[in-house]
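What follows is a set of notes on a single structure, which appears directly below.
Chain A is the first sequence line, chain B the second, and so forth, proteins listed ahead of strands; every chain is numbered from 1. Model, not experiment: these values are computed from the prediction.
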Amino acid sequence: MTGTVRVRFAPSPTGPLHIGGVRTALYNYLFARKHKGTLILRIEDTDRSRLVEGAEQYIMEALEWCGILIDEGVREGGNYGPYRQSERKEIYGKYAAELLESGWAYMAFDTPEELGILRKAHEEGGSVFMYNAQTRDRLKNSLTLPADEVSRLTAEEIPYVIRFKMPAGEDIEMQDMIRGKVLVNSGTLDDKILYKSDGMPTYHLANVVDDHLMEITHIIRGEEWLPSLPLHVMLYRAFGWDLPSFAHLPLLLKPTGKGKLSKRDGDKMGFPVFPLFWPYGETARGYREEGYFPEAFVNMLALLGWNPGTDKELFSMDELISEFSIERVGRSGARFDPEKARWFNHQYMQIKPVEDIAREYAKMVEEKGYSIKPEDAARLVEMVRGRVDFISGLWYQTNFFFEAPQFYDEAAVKKRWKEDSPVQMKELKAVLEGISSFISSDIEERVKSWIRERDYGTGAVMNAFRLLIVGELRGPHLFDIIDFIGKEETLERIDRGLEVLG
RNA sequence: GCUCCGUUCGUCUAGUGGUUAGGACGCAAGGUUUUCAUCCUUGUAGCAGGGGUUCGAUUCCCCUACGGAGUACCA
């Protein structure tokens, strides 16, 4: 690779950033870091009517949460700004004029209504209207109108757009880093609008101009852009600019059924489609708020469309950076699997430093109205983290460490509280009372030898005991539980249980 | 409709002109266990179809089917 790699993520601030967009940003980031290059965040806000308040902020916050660091952008600054297209308005006008001058573009005065009528008529005739080499001669533009008429219209400030003059029948050969050679005949393309009548460029013009001016070396974007690649390539050619490399990423598909992943799927099937909660208008749930670790989220997303060619599945961001390569990105759309997302979170629940989880866990415990020392929180987390996918699940696994049973599970009582249970539990209480070093392993040793001496059934004793301590047949190693709650509390729970259950 | 892209277990995917087509999720069955989980082991299931090319195609080519995207004064 010659020169410095410069890539960009160029979202449109029209709402919350979809996880497909996050993945595109992630791959750009990985590619940039891998090649010690630069990642630029460019806001593509040329459509003023679709602007959504809060979207730009959301995009930046989402990337930050994921650990995707931006080198140049509206917030970070840089030598190629401004990084918001709406602030680059004059630039595009200049380049549109250049194309007009060189004959690669022309002014078109047809109104949206006139074109609408044309489209409708073609549709009824079973065809599709295209503004191109076949039709442009019969339409209202600077190619067909006399020069003085054109200058009259512009002088009167009659609105017009600037269209690209797509050559009639030329094979355009393109190279995609993921797909290889792509060939399209320009005859199938139309004269795309480059500059709108409101004085703003369309995506196509702005994108090409900015990528050139910002010296972007690799354009990594979603597959939905592949159909407009020929236009972009032609624009580079029209300007006489060097072509960057292109990579079009496969789409993210919905878990079941047809089509690409949408917000609807998430709502319907109960999983988020966005990284963060979206608080405006029609709200949307987010991975962050649902308790996903950003590491797990990023790991899961990275493997959706890319793989290292090994069996390794767990990657830190640094590992992703060193192992990522565009060549190993797949070509086909990837169905999003919410189950696998949970699995990834489960993995991170096991490998994350215990203090990190304990800190969050302690907060939750305090919200429940109890206080806990950091070392105790860590101890409990270590004890039960294997049983949960999310931090939020930790409370259900540990609530009985803080609260004596409020009730005794009916089915469990029926199954495990037998005729001789009260006698056994009274004996057990006596055994426990006699233990001075009330720690798990010691208690276990004493209790088990007592069970052996009396020839009781371990299952019968332990389950009845668990019922008295927890109220239900669940939870970690019972001796660990009573070790934690202490001798006094243990004895109290036995007494209370005996009172209730008889 | 037209243009472009794609197609290996249900899902994410590895892979090769000759392999017992590998891994992971899920699911199932065992095992561990005082419970519930976890965990471990095993199993389950796939090269879309049809033509070529070839001694031999899952792999290369073509066609079909299916899926996806695009087809706006949206990005």
Watson-Crick or G-U wobble partner for [N], using a 3.5 Å limit on both distances?
| N | answer |
| --- | --- |
| rG56(B) | none |
| rA45(B) | none |
| rU38(B) | none |
| rC4(B) | rG68(B) |
| rG10(B) | rC25(B) |
| rA75(B) | none |

If I pick the [atom1] atom on [M] and the same atom on [N], what distance separates them, to the nearest angstrom?
| N | M | atom1 | value |
| --- | --- | --- | --- |
| rC4(B) | rC62(B) | P | 13 Å |
| rC40(B) | rA48(B) | P | 32 Å |
| rA37(B) | rU19(B) | C1' | 39 Å |
| rU59(B) | rG15(B) | C1' | 9 Å |
| rG31(B) | rC9(B) | C1' | 26 Å |
| rU53(B) | rU58(B) | P | 15 Å |
| rA65(B) | rA29(B) | P | 42 Å |
| rU8(B) | rU54(B) | P | 28 Å |

What nucleic acid atoms does [X] come within less than 4.0 Å of, heavy atoms only: base, sugar-phosphate, or nothing?
| X | value |
| --- | --- |
| Arg335(A) | sugar-phosphate |
| Gly305(A) | sugar-phosphate |
| Thr46(A) | sugar-phosphate |
| Arg48(A) | nothing |
| Ser332(A) | sugar-phosphate |
| Leu189(A) | nothing |
| Pro476(A) | base |
| Asp480(A) | nothing |
| Val182(A) | sugar-phosphate |
| Leu478(A) | base |

Please report the distance, rounded to the nearest Å, between [atom1] in [X] and [atom2] in [N].
| X | N | atom1 | atom2 | answer |
| --- | --- | --- | --- | --- |
| Asp176(A) | rG6(B) | CG | C1' | 12 Å |
| Leu304(A) | rU11(B) | CG | P | 13 Å |
| Gln175(A) | rC5(B) | CD | P | 12 Å |
| Asp337(A) | rC9(B) | CG | P | 15 Å |
| Arg466(A) | rU34(B) | CZ | C1' | 6 Å |
| Leu253(A) | rC5(B) | CG | C1' | 12 Å |
| Arg331(A) | rC12(B) | CZ | P | 14 Å |
| Ile158(A) | rC73(B) | CD1 | P | 19 Å |

If you take the centroid of each ring, where Trp contributes its six-membered ring, are [Y] and [X] closer together than 6.0 Å?
| X | Y | result |
| --- | --- | --- |
| Phe336(A) | Phe271(A) | yes |
| Phe293(A) | Tyr348(A) | no |
| Phe390(A) | Tyr292(A) | yes |

Taking the side chain of [X] as heavy atoms from C-beta outward, which of [options] is closest to it?
| X | options | result |
| --- | --- | --- |
| Ile193(A) | rA75(B), rU34(B), rC73(B) | rC73(B) |
| Thr202(A) | rC5(B), rA24(B), rC74(B) | rC74(B) |
| Glu313(A) | rC39(B), rU71(B), rA24(B) | rA24(B) |
| Asn463(A) | rU34(B), rA69(B), rC25(B) | rU34(B) |
| Pro227(A) | rG70(B), rA75(B), rC12(B) | rG70(B) |
| Lys448(A) | rU34(B), rC74(B), rA69(B) | rU34(B) |
| Arg119(A) | rA72(B), rC5(B), rG1(B) | rA72(B) |
| Arg416(A) | rC4(B), rU35(B), rA69(B) | rU35(B) |
| Trp343(A) | rA75(B), rU35(B), rG26(B) | rG26(B) |
| Val161(A) | rA75(B), rG70(B), rC73(B) | rC73(B) |

Using a cut-off of less than 4.0 Å, is there contact between a side-chain N or O of [X] and OP1 or OP2 of [N]?
| X | N | value |
| --- | --- | --- |
| Lys196(A) | rA75(B) | yes |
| His477(A) | rU38(B) | no |
| Thr111(A) | rC73(B) | no |
| Asn307(A) | rA14(B) | yes |

Going by ring pair (Phe, Tyr, Trp, His ring centres under 6.0 Å), Phe484(A) matches just one of Phe438(A), Phe401(A), Phe479(A). Which one? Phe401(A)

Phe164(A) and its ring pair (Phe, Tyr, Trp, His ring centres under 6.0 Å) partner, picked from Tyr106(A), Trp104(A), Tyr195(A), Tyr95(A): Trp104(A)

Residue whose nearest RNA chain B nucleotide is more 5′ - Ile178(A) or Met462(A):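 Checking each residue's closest nucleotide, the 5'-ward one belongs to Ile178(A).
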
Contact nearer the 5' end of RNA chain B, comparing Gly309(A) with Tyr195(A):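 Taking each residue's closest nucleotide, the earlier one in sequence belongs to Gly309(A).
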
So does Glu313(A) get a backbone contact from the side chain of Asn299(A), meaning a donor-acceptor N/O pair under 3.5 Å?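 Looks like yes, one N/O pair under 3.5 Å.
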
Is it the case that the side chain of Arg335(A) and the backbone of Lys254(A) share a donor-acceptor pair, with hydrogens and angles ignored and the cut-off at 3.5 Å?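 Confirmed, Arg335(A) side chain pairs with Lys254(A) backbone.
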
Is the shortest heavy-atom distance from the side chain of Leu320(A) to the side chain of Val298(A) under 4.5 Å? yes

So, Arg379(A) and Asp480(A), do they make that salt bridge, N to O below 4.0 Å? no

Between Lys352(A) and Glu295(A), does any side-chain N to carboxylate O distance fall below 4.0 Å? yes

Is there a donor and acceptor pair, one atom on the side chain of Arg50(A) and one on the base of rC74(B), closer than 3.5 Å?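 Answer yes: a donor N or O sits under 3.5 Å from an acceptor.
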
